[in-house]
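In what follows, a structure is listed as structure tokens, so that the remarks can point back to it.
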There are 2 protein chains.
Amino acid sequence: MRDVSEAAGVSTMTVSRVLKEPSIVSEATRERVMRAVEELGYVPDFSASSLSSRKTNFVGLILPTLTNSNFADTAQALADALGQSYQLLIGYTLYQASEEERLVRSLLARRPDALAIAGSEHTRGTWYMLRRANIPIVEIWDTPNDPLDHAVGFSNFAAGRAAAEHFIARGHHRIAALGSAVEEDVADHRGEARLRGFSAALCEHDVATNLIRRVGRAPVSFDHGARALAGLLDRNPDVEAVFAVSDVSAFGALMECRRRGIAVPDCISIMGFGDFEIGRQCEPAISTIHVDARSIGVQSGELIRDLLAGEGATTDRRIEDVGVSVIDRVTTR
Amino acid sequence: MRDVSEAAGVSTMTVSRVLKEPSIVSEATRERVMRAVEELGYVPDFSASSLSSRKTNFVGLILPTLTNSNFADTAQALADALGQSYQLLIGYTLYQASEEERLVRSLLARRPDALAIAGSEHTRGTWYMLRRANIPIVEIWDTPNDPLDHAVGFSNFAAGRAAAEHFIARGHHRIAALGSAVEEDVADHRGEARLRGFSAALCEHDVATNLIRRVGRAPVSFDHGARALAGLLDRNPDVEAVFAVSDVSAFGALMECRRRGIAVPDCISIMGFGDFEIGRQCEPAISTIHVDARSIGVQSGELIRDLLAGEGATTDRRIEDVGVSVIDRVTTR
DNA sequence: CTGAAAGCGCTTACAG
DNA sequence: CTGAAAGCGCTTACAG
């Protein structure tokens, strides 16, 4: 910047103004400065700018994994909604609480202007750091009972309940569900909430809940669905309906049925979750619960922008529920 | 930091040392400082640190899209290989050259210590900025003819050639390929290179290349494959073999065959690219060309770490080819 | 519309 | 093993 100001024969303050608020600089000066910028190929140093303006234009984003198209959609939508002036700082936890805590610490050291974080279950340490950070925090992909700050998501419990009610309304009795195990450090809390909602609905209708299986480590995979269903069928060949906590798993289960020559949905109904493109495209198309992942990104992005533009009017806590909807396709009857 | 140093009764220099190189501080002092850090919940400010040490510990990563599990794998593997001390700054271009240029500019303003960027075709402006940036640049997912700096990838041309040779060896004659269109600003250069390799191999074996279709905008989708194949079949119902530039597209094509009652591979052989999990899990499993996306991430991460640890010995340009391999599954005969 | 001074929170490079 | 001084490259808050 020094080089540019010398080349243009102005102070560094003027260069700074030309770059940030060109309108308040006279046209002649502005052009002289711009020419120097071009010639020298000058790229401003944002970390210096951040330090002195106390704004980094970073927004932190913590997700369980990037290799899940719904989370990737949220990330992309959030980036789009924030616009070009913000840079996303993405971290993924692989569903590990310890990793989440480490990530939060290292992201906060970069002093993001705001942070979006998947889920509402955090370790004590994570919770404490987030509260102290003194920036807007948005919990996404769930509707917390006791939000840390703002939230944009939906009720995973309600989503699980909806799946169970769908099966019950179709007259099924031997109803199963497939999810991942909850371990000390590794847990898919949202998938687990769906299973709990599912279980609660079965109880209310006096349907047995003993076919709800929690196997393997999060995140679930195609293979998870195949194996989990195989394990289920070996013990309970008479299951009528299966809910999987993710379409990825549901697709694996569907392929396992095909390998075993079990007709879907004639012998077994399958419902997934997440409305991934694979479930829409495969044959037979998988019934699922749709979540608007892009909408979560867009709404949290807009919320963050409002909060950072902040006239003080928008300081009250905001909780947005984007809802879910059951999509009845071919794998359920 | 000032607060911590006052609470512990030492200079800020000592606090800085405790945090960066604890071993050179006496144990008594170190403990006093650590206690103050804990009590105050102090989180160091990395942007100040970056400014004064001239190291940001950022690594930039530019990819076409995050919603592609191979690129997401590369991103995750790169993050893992770099380790906890580096933070990835991810941007995605959606295959747009103009967006790439904008992204490069805004990432460079964050002064990353190194940058990994997908592909080897860049605008003049992008190329110039990257050269001037004076940091290690790694072009990934391709083997450039004229590398900017380092590269870790494979030859997309060779991958396309391999697909064509596979079909030719099986005695096919009416051989097609499906890719996306190359527009002014939007282009999948790597997919296009695969089509060119494919075309070159057909020419060498005197097979007609008129069934190579470039339709729609990158990135390809399930729907792209379905439509592109439908368009092809409407005009050339006698095609024997189809190569799609991505498994995603190949899967769409496979579903289109099923809808039309065309037996695969008996009537049409299908080969994809990328070895996505969907092709492995679906029925029939899709033959494909495997690329080790994680390996690209790991190798570029290790290269970057070496370069930044840099004893000067590792300063020569490095070009790594991770190769590809044809996986012959069920959709080809 | 433009500039001189001070400072953001750290680290480098010394000195002791 | 510890500290005082100077400075990283910008912006804030003034003054003119």
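Naming convention: chains lettered A, B, ... in sequence-line order (proteins, then strands); numbering from 1 in each chain. A quick note: this is a predicted structure, and the numbers were derived from the prediction, not measured.
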query = Considering Watson-Crick and G-U wobble pairs with both distances under 3.5 Å, what does dG3(D) pair with?
reply = dC14(C)
remark   = Regarding the side chain of R54(B), the nearest nucleotide among dT11(D), dC10(C), dG9(D) is dG9(D)
query = In terms of side-chain heavy atoms, does E101(B) have a donor or acceptor partner in T123(B) at a distance below 3.5 Å?
reply = yes
task = Using whole Å, report how far CZ of R2(B) lies from C1' of dA4(D).
result = 11 Å
ask   = Does a side-chain N or O from T14(A) land closer than 4.0 Å to OP1 or OP2 of dG3(C), or not?
value = yes
ask   = Which whole-number value in Å describes the distance from E31(B) CD to dT2(D) P?
value = 12 Å
key: Check: dC10(C) base within 3.5 Å donor-acceptor of S49(B) side chain   = no
query = So, does the side chain of R17(A) form a donor-acceptor pair with the base of dG3(C) at under 3.5 Å?
reply = yes
inquiry  = As a test of reading the structure: which of dC10(C), dT2(C), dT12(C) is closest to the side chain of S53(B), going by heavy atoms?
reply    = dT12(C)
query = Does the gap between the ring centers of F58(B) and F46(A) come in under 6.0 Å?
reply = no
message = Within the 4.5 Å heavy-atom criterion, are T93(B) and L63(B) side-chain neighbours or not?
response = no
message = Let's see if you can work this out: which of dC8(C), dC1(D), dC8(D) has an atom nearest to the side-chain heavy atoms of T29(B)?
response = dC1(D)
ask   = Is a side-chain N or O of D149(A) found less than 3.5 angstrom from the main chain of P136(A), in a donor-acceptor match?
value = no
note = When rounded to whole Å, the CD to P distance for the pair E21(A) and dC1(C) reads 11 Å
message = How many whole angstroms separate atom CG of L108(B) from atom P of dG9(D)?
response = 16 Å
remark   = Value for CD (Q96(B)) from CD (E184(B)), rounded to nearest 0.5 Å, stands at 12.0 Å
remark   = When rounded to whole Å, the CG to P distance for the pair N57(A) and dC10(D) reads 15 Å
query = Within less than 4.0 Å of OP1 or OP2 of dG9(C), is there a side-chain N or O belonging to Y42(B)?
reply = no
task = Rounded off to whole Å, could you give me the CZ-to-P distance for the F46(A) and dT11(D) pair?
result = 9 Å
ask   = What is the distance from CG of D45(B) to P of dG9(D), rounded to the nearest Å?
value = 17 Å
Of the listed nucleotides dA4(C), dG9(D), dT11(C), the one nearest the side chain of M13(A) = dA4(C)
note = Between CE of M1(B) and C1' of dG7(C) the distance, given in whole Å, is 16 Å
inquiry  = Please tell me if S26(B) has a side-chain N or O lying less than 4.0 Å from either OP1 or OP2 of dT2(D).
reply    = yes
remark   = Assign each of L51(B) and S11(A) the nucleotide of DNA chain C bearing its closest heavy atom; nearer the 5' end lies the nucleotide of S11(A)
remark   = Among the nucleotides dT2(D), dT2(C), dG9(C), whichever has the atom closest to the side chain of S52(B) is dG9(C)
